[in-house]
Amino acid sequence: MLDLRFVRENIDLLKKKLTLRGDDLDLNSFIQVDQERRDLIQNVEALRSQRNQVSDEISKIKQKGDAAEDLVAQMREVSQEIKKLEIDLKEKEEKLQSFLLVIPNIPHESVPVGKNEVDNKEVRKCGQLPAFSFEPKPHWDIGEALGILDFKRGAKLAGARFTLYKDLGARLERALINFMLDLHINEHGYQEVLPPFMVNRDVMTGTGQLPKFEEDLFKIEGLDYFLIPTAEVPVTNIHRDETLSEQDLPLYYCAYTPCFRKEAGSYGKDTRGIIRQHQFNKVELVKFCVPETSYAELEGLLRDAEEVLRRLDIHYRVVALCTGDLGFAASKTYDIEVWLPGQGEFKEISSCSIYETFQARRAGIRLRREGKKGTELVHTLNGSGLAVGRTLVAVLENYQQEDGSVVVPKALRPYMGGIEKIERKR
RNA sequence: GGAGGGAUGGCCGAGCGGCUUAAGGCGGCGGUCUUGAAAACCGCUUCUCCCGAAAGGAGACGGGGGUUCGAAUCCCUCUCCCUCCGCCA
């Protein structure tokens, strides 16, 4: 959410910035409602001021034992009038609020201008492009042949976009989770948290999933609970409605959670394999910091996420999303895309974003400075470190052997009980 | 699921219809004193919105609604916490 006063005073700038995103909100009606609201406030408050004053007089008259019937009657009418105006005012405020809640964040000036993913800018490529002496297979063939991914039974249990992991497949997923958690917690200074996997509406609104993207979420029937689409939601909201002190910042959190997404509107996309599932595992990194360090913190967060692939020795690239591809709440985003030889393309495996004060304003996460009056809003950031299912895909496809087996990357072997290779069971 | 008790400022804690401008304490900040510190004493300690050059005004005692000229205080409702009983991993 943007600051109301900022929107009011920078309406032209805002229009320009939203055009970069490919968004065209009608900001004229916003200006009108805002003006109506302020007029109403002035009327209501003048009446309230009058009522407060006269009520005091009534009190004094009554203490003397005199009657104040005419004043009481007069104020009865004033109160009625106030009530009427308050109803009006509330309506305007709700209108204005729902307006503010659907205005996306403003892209940072370092974000490349562009229409869609084609205009994203490659920042760097890392690691070696693997060479194969045979035709590399996609992970669904590898996984099925090894008996570690069972798509048929996954679909039987829950439907399309669900998969049953078996044997060393399940073990590999668990190994990846633990490997990532240990790396970020022991070496990158993050605090481990394990949050609820479902949250209420306020929390979903705090990080920006609601009200705009309700159709992407799984909702618990009969209750106002939603399954989280990412750990970003519960973890960022840990400090909802709190004022943090400057010395506590920056805060680094790391959480493993499953994530649940409806994937509405992606019919026919990534239908094979485990690239796009309704339920997938993710290790998430979340940071809270002061505004002046936040862009440096974004670079650090990105490096922390990249380190997972460096340790696994898998080829990847980093791209900066362009203005047209940027998510609703983000001011800037880097995607990490991993090389998948079975499909001959790079695939998103992490998204690292800074939200500046956009989420903090919605969620009420403030900051108090030593010796300074008042509060300001913190900056929030998050990034996948990494999407676990897609990392498993990358391991299978990059470490596959001609005989159909998959070598376990060295960094994962301690987490796999020393197993060096996943082979077909006889 | 049943029966009770709670929710007040950074924290503890009074207040139960109008001198509440939210007492008092703790913590924090500033000052006096001191070589320095402690103690003592004095003062200051929230956020949001509106208007404005300044002054000013309005709102917030868990959330929402109601009664009243006037609500932290009375009524309704929701949420959360605590105690006891039942059920349960």
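Reckoned from all heavy atoms, side chains included, excluding hydrogens, waters and symmetry mates. To find a chain, count down the sequence lines: A is the first, B the second, and so on, and within it residues start at 1.
Of the candidates A:Val111, A:Asn120, A:Asp119, A:Leu321 forms a side-chain contact (heavy atoms from CB on, under 4.5 Å) with just one, namely A:Asn120.
Between A:His184 and A:His188, the angle of the ring planes lies from 30° to 60°, which puts this pair in the tilted group. Between A:Tyr190 and A:Tyr252, the ring-plane angle classifies as tilted under the 30° and 60° cut-offs. The aromatic rings of A:Tyr253 and A:His239 sit tilted, their planes meeting at an angle between 30° and 60°. Note: A:Tyr415 and A:Phe179 have perpendicular aromatic rings, judged against thresholds of 30 and 60 degrees for the angle between ring planes.
For the P atoms, the distance from B:C61 to B:A3 is 29 Å, rounded to whole Å. B:U45 and B:G25: their C1' atoms are spaced 14 Å apart (whole Å). Across the P atoms, B:U32 and B:G15 are found 39 Å apart, a figure rounded to whole Å. Separation of the C1' atoms belonging to B:C29 and B:C78 is 40 Å when rounded to the nearest angstrom. For the P atom pair drawn from B:G59 and B:G4, the interatomic distance equals 36 Å after rounding to whole Å. Rounded to a whole angstrom, the distance from the P atom of B:C16 to that of B:A22 is 16 Å. Nucleotides B:U21 and B:U77 place their P atoms 31 Å apart, quoted to the nearest Å. For the C1' atom pair drawn from B:G52 and B:U67, the interatomic distance equals 37 Å after rounding to whole Å.
A:Glu397 contributes a side-chain N or O that, together with a main-chain N or O of A:His139, makes up a donor-acceptor pair within less than 3.5 Å.
For the pair A:Arg38 and B:A58, the criterion of a side-chain N or O lying under 4.0 Å from OP1 or OP2 is not met. Contact between the side-chain N/O atoms of A:Arg37 and the OP1/OP2 oxygens of B:C49 is not found at any separation under 4.0 Å.
Looking at heavy-atom distances under 4.0 Å, A:Arg201 makes no contact with the nucleic acid at all.
Atom-to-atom, CG of A:Asp224 to C1' of B:G63 comes out at 14 Å; the value is rounded to the nearest Å. For A:Glu57 and B:C19, the CD to C1' distance is 16 Å, given to the nearest whole Å. Distance CG (A:Leu4) to C1' (B:U48): 12 Å, rounded to an integer number of Å.
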query = Would you write out the dot-bracket form of RNA chain B, 5' to 3', with Watson-Crick and G-U pairs under 3.5 Å, [ ] for crossing pairs, | for pairs to other strands and . for unpaired bases?
reply = ((((((((.[[[..)..(.....]]]((((((.......))))))(((((.....))))).[[[[[..)....]]]]])))))))....
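Where A:Arg48 and A:Arg5 each meet RNA chain B at their nearest nucleotide, the meeting point lying more 5' is that of A:Arg5.
Ranking B:C50, B:U46, B:G57 by closeness to the A:Gln42 side chain, first place goes to B:C50.
Taking CD from A:Glu93 and CD from A:Glu86, the interatomic distance works out to 10.5 Å, rounded to the nearest 0.5 Å. Rounded to the nearest 0.5 angstrom, A:Glu297 CD and A:Glu292 CD are separated by 10.5 Å.
Between A:Leu392 and A:Ile274 the shortest side-chain heavy-atom distance falls below 4.5 Å.
Ion pairing of A:Glu144 with A:Arg272 is absent here, as no side-chain N (NZ or NE/NH1/NH2) approaches a carboxylate O to less than 4.0 Å.
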remark   = With B for base contact, S for sugar-phosphate-only contact and - for none (protein heavy atoms under 4.0 Å), nucleotides 69-79 of chain B reads BS---------
